[in-house]
Amino acid sequence: MKAALALGRAIALSAVSGTVKAKTVGNGSKNAATQLLRESMSWMDMYYDTEAGYLYNLDSKALLHDTRSSAWYAAGLLARNEGDDAEQAAKIVENIIVGQHKNVSSQWYGDYQIYPEEPTVGTSEYPPVIYNSWDPNWRGFVGTTFVLMLEEFSHLIPHDTQTRILESLHNATVGDTYRVGGVDDDNLYPSYSNPAIMRAFMSGWVGRRLNDSNMTISGEAYAKDIITLFDRADTLSEFNSGTYAGVSLYALTLWAKYLPQSSLMGQHGATMIGKTWEKLGQLYNANLKNVAGPWDRSYGYDMNRYLSILALQIWTLVGKDNAPINAKPWTMGHKDDFAISPLVAILAPFHNTLVSNDTLLALHTFPGTHTVSTSAFSPPWDTYPRNITAWLSQNLTIGAETFSEKVIGGPAKNPSSFNPAVVQWSRKDGSVGWLTLYAQVEELRAVASDSTLDLEYPKGNQTSTFTFLVGTNSRSGKRDVASWSDVEGIKVSVNGTVDMDYSVAFAGYVGGSGKTINDFEFWNFTYGMPEGSGKLPQISLSFELE
Ligand SMILES: *[C@@H]1O[C@H](CO)[C@@H](O)[C@H](O)[C@H]1NC(C)=O
Ligand SMILES: *[C@@H]1O[C@H](CO)[C@@H](O)[C@H](O)[C@H]1NC(C)=O
Ligand SMILES: *[C@@H]1O[C@H](CO)[C@@H](O)[C@H](O)[C@H]1NC(C)=O
Ligand SMILES: *[C@@H]1O[C@H](CO)[C@@H](O)[C@H](O)[C@H]1NC(C)=O
Ligand SMILES: *[C@@H]1O[C@H](CO)[C@@H](O)[C@H](O)[C@H]1NC(C)=O
Ligand SMILES: *[C@@H]1O[C@H](CO)[C@@H](O)[C@H](O)[C@H]1NC(C)=O
Ligand SMILES: *[C@@H]1O[C@H](CO)[C@@H](O)[C@H](O)[C@H]1NC(C)=O
Ligand SMILES: *[C@@H]1O[C@H](CO)[C@@H](O)[C@H](O)[C@H]1NC(C)=O
Ligand SMILES: *[C@@H]1O[C@H](CO)[C@@H](O)[C@H](O)[C@H]1NC(C)=O
Ligand SMILES: *[C@@H]1O[C@H](CO)[C@@H](O)[C@H](O)[C@H]1NC(C)=O
Ligand SMILES: *[C@@H]1O[C@H](CO)[C@@H](O)[C@H](O)[C@H]1NC(C)=O
């Protein structure tokens, strides 16, 4: 009972704001943040190794443990504060700090281990491979979690542990300054929104806390670049990703909640959150429970089937039943991200007040057919801002972006996550059909309009191909797909300079001619150019619901 009260206090405001807003959108959001905290913690409890003081790896890697999810769990333990929760949280935190990289001369100084059993990073047997044997973004993921713990729950953390957390944060912040986009394989530019926002925050917060004005000033300077990029069109450079828009919103909440008005971050955080949600709300189709494309970095093609951090935030806003989340979240693709839920739940009472009522309504009820036109800019990759268009109707949405970049697959150089042209539709059984253009070029003209998607490769030639990944049919639909007419719920007409003879192949979980991408099976529809064609590769797809 005592414990339940403590939880109530941590989340109390959420219940209050949830109730106010529930009047507009129904009763779904009542206590939604508390429910998110409880469900995610019950799930993680099953992975907790009390003896080790770490969470086991959530993908069950033969009893290995995991650092980042342990930090998130520790924050959840403090928020829940039942039984010996607080004691376990301190134990986890101490473990993580012991494992933090301590060599000031190494590029990964102040970063946190991926897992405690790992060999020493930087030995000849275990070479330092950025985003593999060490992940520079974990300074931000773990570090910001430590800040949140100090801000919200310092009364539950032993004094000497707090001292070590501050030392750890100091080292992580110093290590973050080693990061310079384009140097030593690093890619942190202000346009890499999610870690950039975390970096600026850590520097600003730790600098103030430790009276290190250099650190404070450096955080403000980095924030200024991020804000300037944002203000160009009120968009994050890393635009519209179910996973990373969620991280950016989390980090912007730290700006708004924990930095004073004398900080640029304190001044701009709240507005940036509101404006980011405004775009997300315009692109969201509550019938499909999906944010329309394009997605700069996505780990799936249907938010109902992979777990996005944005969906956790939507859960706290409109309730689990109305959010793109399965009743059993840990069965979804990319489910390990469920571990960040405690942070989302803890911040929801504050964060959710920054979401406008219009957006909140759009997250609950689709407002009617409309278009969206905006842009996003990711220097140094883009030669001009990406032009974004989307057309959304009740049961069909199309979203696309025109761009010219130095790389294939977006700034992350990852064709599996860069989705510049996406179509989604609702099927009879309520499930979502989708198709996405597989990223193969540095330049694309892509425009979404009423029921149509127009694509062109300005630098293409007769060897170019357009590959569309097309989601598999519903469980009751056709198992085999040989042409567009077998794709459930939609009629597709094609025209353009491409060869109208296309190939169809299957990429399956245990078979087919290709491998799944982001855990999703798909049919690969590929169009080439007619032999000897001198025309620019161009294709238009028109859609009609069945
Ligand atoms: C919300 O719940 C109350 C009481 O449980 C009920 O009277 C009311 O009709 C509900 N409102 C909506 C919009 O579902
Ligand atoms: C610290 O890192 C530097 C640079 O990588 C390396 O030369 C040095 O041997 C390391 N020191 C220790 C004690 O590992
Ligand atoms: C911080 O880094 C220093 C080296 O600069 C190291 O001696 C110290 O142990 C580190 N502190 C923590 C908490 O890792
Ligand atoms: C920072 O400065 C403030 C005000 O001068 C002081 O109260 C605080 O103890 C200082 N903190 C540190 C870590 O030096
Ligand atoms: C801050 O920067 C100045 C100038 O570069 C330097 O002299 C000073 O030692 C730095 N202070 C800290 C606390 O790092
Ligand atoms: C939403 O509407 C409610 C009730 O009309 C109002 O009190 C609240 O301030 C509005 N919230 C925002 C963020 O505009
Ligand atoms: C991008 O959009 C703007 C405004 O709609 C337009 O003026 C510009 O020509 C577009 N650029 C490209 C490359 O499509
Ligand atoms: C959208 O799909 C739903 C569910 O299948 C259906 O009830 C509704 O009539 C459809 N609306 C339109 C405009 O097609
Ligand atoms: C066609 O484009 C590809 C890829 O950019 C290039 O490698 C090839 O040389 C081009 N072929 C012709 C005939 O221009
Ligand atoms: C595409 O279809 C439209 C009408 O449906 C036609 O006017 C146009 O010529 C076609 N374009 C090509 C390249 O075949
Ligand atoms: C799609 O199919 C084409 C033609 O068979 C093949 O070249 C390409 O590698 C496939 N792409 C993917 C992403 O599976």
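Whatever order the structure lists them in is the order used to number ligands and atoms, beginning at 1.
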Asks: Mark whether atom 11 (N) of ligand 11 lies under 4.0 angstrom from at least one protein heavy atom.
Replies: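 There is a protein heavy atom less than 4.0 Å from atom 11 (N) of ligand 11.
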
Asks: Can you confirm whether D185 is buried at CG, in the sense that more than 12 heavy atoms of other residues, nucleotides or ligands lie under 6.0 Å from that atom?
Replies: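 At most 12 heavy atoms, drawn from other residues, nucleotides or ligands, come within 6.0 Å of this atom.
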
Asks: Looking at K91, I want to see if its NZ is surrounded by more than 12 non-hydrogen atoms of other residues, nucleotides or ligands under 6.0 Å.
Replies: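 Atom NZ in K91 is packed in, count exceeds 12.
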
Asks: Side chain or backbone, does S503 bring an N or O within less than 3.5 Å of an N or O on ligand 11?
Replies: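 Not met; the criterion fails.
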
Asks: Considering only the protein, which heavy-atom contact is closest to atom 4 (C) of ligand 2, and what is its distance?
Replies: S105 O, 3.6 Å

Asks: Give the ring-plane orientation class for Y244 versus Y299, where under 30° counts as parallel, over 60° as perpendicular and anything between as tilted.
Replies: perpendicular

Asks: NZ of K102: more than 12 outside heavy atoms within 6.0 angstrom?
Replies: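 Buried by this count: over 12 neighbours within 6.0 Å.
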
Asks: Flag the pair E405 / F418 as yes when at least one side-chain heavy-atom distance between them is below 4.5 Å, and no otherwise.
Replies: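 A side-chain contact exists here, since the closest heavy-atom pair is under 4.5 Å.
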
Asks: Between Q100 and ligand 3, find which residue part has any heavy-atom pair under 4.0 Å and reply side chain, backbone, both or neither.
Replies: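 Side chain only.
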
Asks: For a 4.5 angstrom cut-off between non-hydrogen side-chain atoms, does Q424 reach Y301?
Replies: no

Asks: Using only heavy-atom distances, determine whether the side chains of S298 and N419 contain a donor-acceptor pair under 3.5 Å.
Replies: no

Asks: Under the 4.0 Å line, does any protein heavy atom show up next to atom 7 (O) of ligand 11?
Replies: no

Asks: Find all atoms of ligand 3 within a distance of less than 4.0 Å from any non-hydrogen atom belonging to I97, and give their numbers and elements.
Replies: 13 (C)

Asks: Which option, N103, T120, V104, T123, owns the non-hydrogen atom nearest atom 14 (O) of ligand 2?
Replies: N103

Asks: In terms of atom number and element, which parts of ligand 3 are under 4.0 angstrom from non-hydrogen atoms of K102?
Replies: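 Answer for ligand 3: 4 (C), 9 (O), 12 (C), 14 (O).
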
Asks: May I ask you to identify the nearest protein heavy atom to atom 9 (O) of ligand 11, giving residue, atom name and distance to one decimal place in Å?
Replies: N524 ND2, 4.8 Å

Asks: Do any nitrogen or oxygen atoms of S168 come within less than 3.5 Å of a nitrogen or oxygen of ligand 3?
Replies: no

Asks: Please indicate, with yes or no, if any protein heavy atom is found under 4.0 Å from atom 2 (O) of ligand 2?
Replies: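 For atom 2 (O) of ligand 2 the answer is yes, since some protein heavy atom falls inside 4.0 Å.
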
Asks: What protein heavy atom is closest to atom 5 (O) of ligand 3, reported as residue, atom name and distance in Å?
Replies: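 Atom 5 (O) of ligand 3 sits closest to the protein heavy atom Y109 OH, 3.0 Å.
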
Asks: Any chance the rings of Y56 and H65 have centres within less than 6.0 Å?
Replies: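 Centroid separation for Y56 and H65: below 6.0 Å.
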
Asks: Show which atoms of ligand 11 fall inside a sub-4.0 Å distance from at least one heavy-atom site of T526.
Replies: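 Counting atoms of ligand 11 from 1, those under 4.0 Å from T526 are 1 (C), 2 (O), 3 (C).
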
Asks: Take F522 and W434 through the ring pair (Phe, Tyr, Trp, His ring centres under 6.0 Å) test and state the conclusion after the steps.
Replies: CA-CA 10 Å; F522 60 88; W434 55 268; 7.2 Å; no

